[in-house]
Amino acid sequence: MDMRRWVVAATLATVLAVAGCNATPRAQVSCEGERCTAQLSGNGTLVTIDKIKTVVRLDSVDQDGAIVSINAKPLPLRVGQSRTIAQTMVTLKSITDGRVTLVLEPSQSAE
């Protein structure tokens, strides 16, 4: 990501963080405790989840997987795969018609 795009994403994340758990119109988030489910549709969709101190951005998606950025760190995932990044366990639950569903929760394990 070039510096200009990063600055725009960081600025948007800051604005969203001030307002709480928010998203662009193409994202939805629900949380139970510290376990959150995020649905994102469209490259560049961004959501800030204050409850778990995580910013999620959908970078790209295809039928088998997606690349998401978690707190500005890119993470490639396949459907059903779980990985830990930026102190967050991320699971790519499903992809339906380009809409990505992720489950996120804090992780104590090392990256």
Side-chain angles (χ1 to χ4, degrees):
M1 178 185 307
D2 65 34
M3 182 58 98
R4 185 175 148 184
R5 289 179 69 190
W6 186 88
V7 168
V8 170
T11 301
L12 182 55
T14 301
V15 169
L16 291 173
V18 169
C21 182
N22 289 299
T24 63
R26 298 178 297 171
Q28 296 177 351
V29 175
S30 63
C31 295
E32 290 185 26
E34 291 188 328
R35 182 183 175 115
C36 298
T37 300
Q39 294 183 329
L40 302 104
S41 181
N43 293 349
T45 300
L46 182 76
V47 63
T48 299
I49 309 170
D50 285 340
K51 187 167 241 176
I52 59 171
K53 298 178 181 147
T54 303
V55 177
V56 181
R57 177 189 144 119
L58 179 58
D59 294 326
S60 66
V61 62
D62 63 33
Q63 63 191 25
D64 298 320
I67 299 175
V68 295
S69 289
I70 306 298
N71 296 336
K73 296 178 182 179
L75 179 67
L77 291 166
R78 293 285 171 213
V79 174
Q81 184 179 19
S82 296
R83 293 184 57 195
T84 299
I85 188 168
Q87 291 83 38
T88 304
M89 172 67 80
V90 182
T91 302
L92 178 51
K93 189 172 179 179
S94 66
I95 298 173
T96 305
D97 297 328
R99 187 166 188 82
V100 173
T101 301
L102 301 166
V103 176
L104 304 103
E105 55 193 316
S107 173
Q108 302 302 325
S109 64
E111 293 177 33

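With rounding to the nearest 0.5 Å, the separation of OG1 in Thr37 from CD in Glu32 is 7.5 Å. From Ile70, atom CD1 reaches atom OG1 of Thr84 across 11.0 Å, with rounding to the nearest 0.5 Å. Between the CD atom of Gln39 and the OG1 atom of Thr101 there is a distance of 4.0 Å, given to the nearest 0.5 Å.
Of the candidates Val68, Leu75, Leu58, Val68 is the only one forming a side chain to side chain contact (heavy atoms under 4.5 Å, CB included) with Leu102.
Minimum heavy-atom separation, Asn43 to Val61: OD1-N, 3.8 Å. Closest approach of Glu34 and Ile52 over heavy atoms only: O-CG2, 3.1 Å. The two residues Ile67 and Pro74 make their nearest non-hydrogen contact at CG2-CB, 4.4 Å.
Judged by distance alone, the side chain of Arg99 and the main-chain N or O of Ala27 form no donor-acceptor pair under 3.5 Å. With hydrogens and angles ignored, the 3.5 Å screen pairs a side-chain donor or acceptor of Thr88 with a backbone N or O of Ala86.
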Apply side chain to side chain contact (heavy atoms under 4.5 Å, CB included) to residues Leu40 and Val56 and explain how you reach the verdict.
CA-CA 9 Å; Leu40 302 104; Val56 181; 4.2 Å; yes
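Cluster membership for Val29 and Ile85, using ILVMFWY side-chain heavy atoms within less than 4.5 angstrom, is shared.
Considering only residues two or more places apart in sequence or on other chains, Arg35 meets the side-chain contact (heavy atoms from CB on, under 4.5 Å) condition with Val103, Glu105. Partners of Thr91 under the side chain to side chain donor-acceptor pair (under 3.5 Å) rule, at least two apart in sequence or in another chain, are Ser82. Applying the side chain to side chain donor-acceptor pair (under 3.5 Å) test to Ser41 and every residue at least two apart in sequence or in another chain returns nothing. Remark: Asp62 engages Arg78 in a salt bridge (Lys or Arg N to Asp or Glu O under 4.0 Å) (not counting sequence neighbours).
Taking 4.5 Å as the limit, every side-chain heavy atom of Thr45 sits out of range of all side-chain heavy atoms of Val47.
Residues Ser69 and Asp59 bring a donor and an acceptor atom of their side chains to less than 3.5 Å of each other.
Listed by first then second residue, pairs satisfying disulfide bond (SG atoms under 2.5 Å apart) with a partner in residues 32-108 read Cys31-Cys36, not counting sequence neighbours. For residues 57-108, there are no disulfide bond (SG atoms under 2.5 Å apart) pairs, not counting sequence neighbours.
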